[in-house]
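First the proteins, then the strands, lettered A, B, ... as listed; each starts at 1.
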Amino acid sequence: MIRIYNTLTRKKEEFETIEPNEVRMYVCGVTVYSDAHVGHAMSALVFDIVRRYLMYRGYDVKFVMNFTDVDDKIIARANQNGDDPFKLAQRYIDSYAKNLEDLNVLPATSNPRATQTMKQIIKMVQELGENGYAYAPGNGDVYFRVTKDKNYGKLSGRKIEEMQAGARIEVGEQKEHPMDFALWKAAKPGEPSWESPWGKGRPGWHIECSAMNLAELGEQIDIHGGGNDLIFPHHENEIAQTESLTGKPFARYWMHNGMLQFGGEKMSKSLGNLITIDEFISKHDADVMRMLVLTGSYRAPLAFTDEAIESAEKGLDRLKSGLRPASVSAKGLPAGSAAELTAQAASSQQAFESAMDDDFNTAGAVAALFELVKAINTTRDAGATVEQIHPAQTTLRTLTGVLGLRMQEKKGSGDADKFINLLLEVRTEARKQKLWAFSDLVRDRLKELGVAIEDSKDGTTWRWS
RNA sequence: GGCGUCGUGGCCAAGUGGUAAGGCAAGGGUCUGCAAAACCCUGAACGCGGGUUCAAAUCCCGCCGACGCCUCCA
């Protein structure tokens with residue numbers, strides 16, 4: 001039984017889907033006006049891991065992630081560059097899609113966009129108006145009437161009366177209540193706009209997610225995810241809009257990931273303390289970013305430091321060490337000893353599952369994998385054959401795959417292989433003649449070129465490092 | 001100020017009532033010409049103060065501290 005921490009109830013709850021064996025899942029994507037940073041990567045990775053695990057557990061997962069492709073910041077950025085806002089958004093959508101692919105994030109079942117959901121958005125705003133939850137003061141804006149919604153604040157644990165201190169009304173807005181928020185915004189000159197019953201305008205930020213959910217997944221979904229900075233106001237407002245319209249509970253489980261910390265603070269565009277996904281990928285294997293997320297806890301803040309990155313990198317190497325083949329000249333172990341390893345693999349798998357079942361405790365799951373790696377390595381060292389460690393390695397490969405790790409050894413160009421092998425042949429000959437200085441020189445120089453050599457009694461092996 | 005998350009060895013981090021996982025780093029060892037890798041061994045860690053209990057890192061109260069949200073934000 002899977003248990004999930006639900007932001008709505010502030011408790012871990014048993015996971016029960018609306019439809020048997022089917023999970024309807026929606027994750028808030030990004031507003032596409034600049035390059036995505038590693039904080040976005042964290043969120044994408046967290047929900048990719050959730051999704052992969054649910055799939056492993058036999059669920060058919062419908063996974064929707066949106067793109068906010070019309071918004072103040074996109075327009076501002078486009079104006080600044082003399083660019084077309086739609087083209088700009090498309091460019092960043094493409095680049096984010098590439099980032100996700102690099103990070104080995106499974107493609108969403110669908111990626112709806114605000115601009116392609118306009119009809120449903122307008123319809124929804126209209127219906128909210130008919131129900132008395134929305135009002136149009138006549139300036140072309142439409143607002144949501146929070147005082148009409150008795151449950152407003154239930155996700156973030158806030159009360160309307162207590163929030164008024166921080167609320168403010170922008171010039172030109174005509175809100176009945178300071179906490180009311182825009183469903184539809186009148187177009188200013190030169191802005192992209194759509195025809196609507198209230199004149200030319202564009203949607204407010206929150207309504208698009210409500211409309212896309214409704215269009216893609218229906219009135220009720222199982223899991224709604226996003227960063228915890230979206231709890232208020234974004235998700236609170238989504239709930240208000242959707243539930244005011246349908247009269248049904250919207251999402252069963254609200255999941256929120258913690259923020260990536262950089263220099264003790266949240267990494268964010270407004271603080272400017274960010275590292276883009278492209279930058280990270282250019283320096284590290286994408287698995288390293290995933291490993292960083294896996295060794296932490298998805299709901300807690302994650303420190304993005306050089307030390308943490310290095311630790312993740314080393315941990316990843318260690319996991320990979322479990323996949324190295326046994327020596328072909330290994331003598332083999334008695335059947336009983338080999339069976340012990342297979343039994344260890346089964347119990348590691350159980351430990352992995354019970355950790356993951358408990359609110360996707362990836363740190364505990366990875367620990368189970370490390371124990372499996374140790375068992376494999378020990379058995380290999382003891383002289384097991386390739387076949388004897390193979391079943392355990394298959395388990396390791398499967399479970400790291402559930403976490404979305406690629407576990408690929410680094411590769412150089414294939415052309416180099418034969419020259420490296422030749423060089424090592426020469427070096428082996430030199431070692432026979434005890435030409436240590438020469439042998440070490442070859443090793444050191446290859447190391448500088450990224451080729452790591454390991455001598456053992458069975459011969460010399462090498463790999464890209 | 002309000003809401004929330006959290007404080008476990010040098011660092012990251014699991015565990016949430018019954019003798020404290022795991023990874024990284026450190027030290028020692030096996031193997032090796034030397035390295036590397038792997039393996040073995042070592043390490044007086046539960047923020048502070050009360051309380052409940054036979055028993056608390058784990059529950060309750062108070063305090064201190066960190067971070068997030070309360071305004072666009074994954």
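- In this structure, the side chains of A:Y92 and A:V30 stay at 4.5 Å or more apart for every pair of heavy atoms.
- Atom CZ in A:R427 sits about 12 Å away from atom P in B:G33, given to the nearest Å.
- A:Y5 has its OH atom 11 Å from the C1' atom of B:C6, to the nearest Å.
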Inset, instruction - Give the intermediate values and the outcome of salt bridge (Lys or Arg N to Asp or Glu O under 4.0 Å) for residues A:D317 and A:K314. - result: CA-CA 5 Å; A:D317 282 343; A:K314 295 273 184 62; over 6 Å; no

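- Residue contacts shown for A:N377 are limited to sugar-phosphate atoms, with no base heavy atom under 4.0 Å away.
- Checking A:G258 against A:Q261, the closest nucleotide of RNA chain B that is more toward the 5' end is the one next to A:Q261.
- Of the candidates B:A74, B:A38, B:C3, B:A74 carries the atom nearest the A:L260 side chain, counting heavy atoms from C-beta on.
- Counting any heavy atom pair closer than 4.0 Å across all strands shown, A:H37 reaches a base atom.
- Within 4.0 Å (heavy atoms only), A:G264 reaches sugar-phosphate atoms of the nucleic acid but no base atom.
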Inset, instruction - Scan nucleotides 9-23 of chain B nucleotide by nucleotide, 5' to 3', and note B when protein non-hydrogen atoms come under 4.0 Å of the base, S if they reach only the sugar-phosphate, - if neither. - result: --S-SSS-----BSB

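- Using C1' as the reference atom, B:U8 and B:C48 are 15 Å apart when rounded to the nearest Å.
- At a cut-off of 3.5 angstrom, the base of B:G4 holds no donor-acceptor pair with the side chain of A:R10.
- Atom C1' of B:A55 sits at a distance of 42 Å from the matching atom of B:C70, rounded to the whole Å.
- A 6.0 Å sphere centred on CZ of A:R445 holds no more than 12 heavy atoms belonging to other residues, nucleotides or ligands.
- Within the nucleic acid shown, A:G39 comes within 4.0 Å of at least one base atom, counting heavy atoms only.
- Between the P atom of B:A74 and the CG atom of A:D35 lies a distance of 14 Å, rounded to the nearest Å.
- Across all strands shown, nothing is found opposite B:U19 as a Watson-Crick or G-U wobble partner with both distances under 3.5 Å.
- Checking B:C40, B:C70, B:G33 against every side-chain atom of A:W436, the shortest atom distance belongs to B:G33.
- A 3.5 Å limit on both hydrogen-bonding distances identifies no Watson-Crick or G-U partner for B:G9.
- Between A:V64 and A:N111 the shortest side-chain heavy-atom distance does not fall below 4.5 Å.
- Note that CG of A:L292 is 12.5 Å distant from CD of A:E310, once rounded to the nearest 0.5 Å.
- B:G33 atom P lies 16 Å from atom CD of A:Q433, rounded to whole Å.
- Among A:V105, A:L294, A:L54, A:L405, the single residue meeting the side chain to side chain contact (heavy atoms under 4.5 Å, CB included) criterion with A:I49 is A:L294.
- Each of B:A74, B:C34, B:A36 was ranked by its minimum atom distance to the side chain of A:S43; first place goes to B:A74.
- Within the nucleic acid shown, A:R431 comes within 4.0 Å of at least one base atom, counting heavy atoms only.
- Between the CZ atom of A:R445 and the C1' atom of B:A35 there is a distance of 17 Å, rounded to whole Å.
- B:C63 sits 15 Å from B:G4 when the P atoms are compared, rounded to a whole Å.
- With both pairing distances under 3.5 Å, B:G33 is matched to nothing as a Watson-Crick or G-U wobble pair.
- When Watson-Crick and G-U wobble pairs are counted only if both distances are under 3.5 Å, B:U71 pairs with no nucleotide at all.
- Between A:H224 and A:H235, the two ring planes are perpendicular [angle over 60°; tilted spans 30° to 60°].
- Between B:C34 and B:G29, the two P atoms lie 13 Å apart (nearest whole Å).
- Computed from coordinates, the A:F304 CZ to B:A74 C1' distance equals 14 Å when rounded to whole Å.
- The aromatic rings of A:Y298 and A:F360 lie perpendicular to each other, with more than 60° between the two planes, well past the 30° mark.
- A:N81 CG: more than 12 foreign heavy atoms inside a 6.0 Å radius.
- Ring geometry for A:W254 versus A:H256: interplanar angle under 30°, hence parallel rather than tilted (30 to 60°).
- Nucleotides B:A36 and B:G17 are separated by 44 Å at their P atoms, to the nearest Å.
- Note on A:S268: a base of the nucleic acid sits closer than 4.0 angstrom, heavy atoms only.
- For the C1' atoms, the distance linking B:C31 with B:C67 amounts to 47 Å, nearest Å.
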Inset, instruction - Verify ring pair (Phe, Tyr, Trp, His ring centres under 6.0 Å) between A:Y143 and A:F181, making sure each step is shown before the conclusion. - result: CA-CA 5 Å; A:Y143 303 106; A:F181 56 90; 9.1 Å; no

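- We find that CD1 of A:I453 is positioned 14 Å from P of B:A36, with the value rounded to whole Å.
- Taking the side chain of A:D455 as heavy atoms from C-beta on, and the options B:A37, B:G33, B:A74, the nearest nucleotide is B:G33.
- The distance between atom CE of A:M289 and atom C1' of B:A74, rounded to the nearest whole Å, is 11 Å.
- Spacing between B:G49 and B:G65 at atom C1', rounded to whole Å, works out to 15 Å.
- Nucleic acid contact for A:N257: base, since at least one base atom lies under 4.0 Å from a heavy atom of the residue.
- Regarding contacts with the backbone of B:A37, every side-chain N or O of A:K320 stays at 4.0 angstrom or more from both OP1 and OP2.
- For B:G27, the paired base is B:C41 (Watson-Crick or G-U wobble, both distances below 3.5 Å).
- Nucleotide B:C59: paired with B:G51 (Watson-Crick or G-U wobble, both distances less than 3.5 Å).
- Out of B:G33, B:G68, B:C39, the shortest distance to the side chain of A:D381 is found at B:C39.
- Residue A:Y96 has no polar side-chain atom (N or O) positioned under 4.0 Å from OP1 or OP2 of B:A74.
- Nearest nucleotide to the A:R443 side chain, out of B:U5, B:A74, B:G33: B:G33.
- Listed nucleotides B:A74, B:A37, B:U5 differ in distance to A:C28; the shortest reach to its side chain belongs to B:A74.
- Contact annotation for A:L230: backbone-only contact, meaning every heavy-atom pair under 4.0 Å involves sugar-phosphate atoms and none involves a base.
- When the C1' atom is compared between B:C61 and B:A26, the two are found 41 Å apart, to the nearest whole Å.
- The residue A:G29 sits close only to the backbone: its heavy atoms come under 4.0 Å of sugar-phosphate atoms, none of a base.
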